[in-house]
Amino acid sequence: MASAYMRNWSSSSSSIRVPTATLQTENLNSRVLVLGGTGRIGGSTAIALSKLSPNLRIIIAGRNREKGAGMIATLGKNAEFSEFDINDVKSLESALNDVDLVVHAAGPFQQTENCTVLEAAIRAKTAYLDVCDDTNYALRAKSFMNEALAAKVPAITTGGIYPGVSNVMAAELVRVAKTENKGEPERLRFYYYTAGTGGAGPTILATSFLLLGEEVIAYNKGEKIKLRPYSGMVNIDFGKGIGKKDVYLLNLPEVTSTHEIIGVPTVSARFGTAPFFWNWAMDAMTRFLPSEFLRDRSRVQDMVRLFDPVVRVIDGYAGERVSMRVDLECSGGRQTIGVFSHRRLSISVGYSTAAFALAVLEGNTQPGVWFPEEPEGIAIEARELLLERAAQGTINFVMHKAPWMVETNPKEVGLGIYV
């Protein structure tokens, strides 16, 4: 069912034309704890969960009781607020003992030394999901595989929009290409665009700054290479509703995970934003600020507090459109792509994360710590429904199409390695 459907499915309407009843889960009475639930990403996830599964009990965890009360008013009678700090291990473990799933959306994850929430979830035997977008944190989470297996705890790391939905899109592109015997997958490229901060607030701003302090890991014909962050600009056509955008190399976990798990020899990830001068500013930061400065969480938080008022004003003009394009090239010259575009990142990230949460609650994740593209993380037969749920409200969502069917072929701009 999934292969025939996903091979040809596309939508370019203002919302995905899938009956709501097929996406909702009325019978789930589980309790879900959302860490960072008063923030933009966690709050959006909670709202999406309440819409996709109205019977869920949702516990919003955060440090701001006033914001918590506002979220409870939005979510309704099946929601409650729990005030605590995730660094307080005792209160964290106590909260985890009473829930079926914890969604860790309290970023940023960059330069975080411990997987405190995952460890506590394993001890409490509670299912776990995070929206991590940091390579080191994701690999550290994977190192708890044996503990999660022993405790029979299902856990997914990097389960948001990108990484997350983008990983599943990549896995489906590769799976279908192999099924149709049209050459061996050779190149996998992730391209991302977000206008401004995408309405996701200071957390995504801090994440962006911290990523600028990391060397970019990419793979070229099986060889691991390191490149300067925010270099290697290419101009990519994201299709309807977005158009052509400049994107730059960033160190993102899906590059390493898809290379190692799916086995594609050449993999890279690029990101771009708008207005255009933000790209110039980020490039300048990598050139003129020491990487040690950009990896210092406290200094980055100071920068965020300095820039945040200005960013919010510009965001009002830039909007918060988001787009992902995943390109797969095979040995026979066959190229297929997937594109996922939405008018509002602040909404789309919630549905994307909620889609993973429901997949875990519905039993589609095996015990252990998994990346989204692993079949033990999201069962192959569950990918179709996950993508349908995540794609609610998209202005363009296509899979398994030739590039010319979406728009034009990618065009390299400038010099340097293009992986």
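Both backbone and side-chain heavy atoms feed into the values below; hydrogens, waters and symmetry mates do not.
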Keeping E223 on the side-chain end and Y219 on the backbone end, is there a donor-acceptor pair under 3.5 Å? no
Between the side chain of S331 and the main-chain N/O of G183, is any donor-acceptor distance below 3.5 Å? no
Under 3.5 Å, is there a donor-acceptor pair linking the side chains of Y193 and D246? no
Do the side-chain N and O atoms of D133 and Q110 include a donor-acceptor pair separated by under 3.5 angstrom? yes
I'd like to know whether the aromatic ring centres of H342 and Y351 sit less than 6.0 Å apart in this structure. no
Between the main-chain N or O of L345 and the side-chain N or O of S348, is there a donor-acceptor pair closer than 3.5 Å? no
Please tell me whether Y162 and Y192 form a close aromatic pair, meaning their ring centres lie under 6.0 Å apart. yes
Just checking, is any N or O donor in the side chain of D130 or T157 under 3.5 Å from an acceptor N or O on the other one? yes
Looking at V369, is its backbone amide N or carbonyl O close enough to the side chain of K142 to form a donor-acceptor pair, meaning the two atoms are under 3.5 Å apart? yes
Do side-chain atoms of H259 reach the backbone of V264 as a donor and acceptor pair under 3.5 angstrom? yes
Residues D296 and S298: side-chain donor-acceptor under 3.5 angstrom: yes
Please check: side-chain N/O of N114 versus main-chain N/O of T116, any donor-acceptor pairing under 3.5 Å? no
Does a donor on one side chain and an acceptor on the other come within less than 3.5 Å for Y128 and T365? no
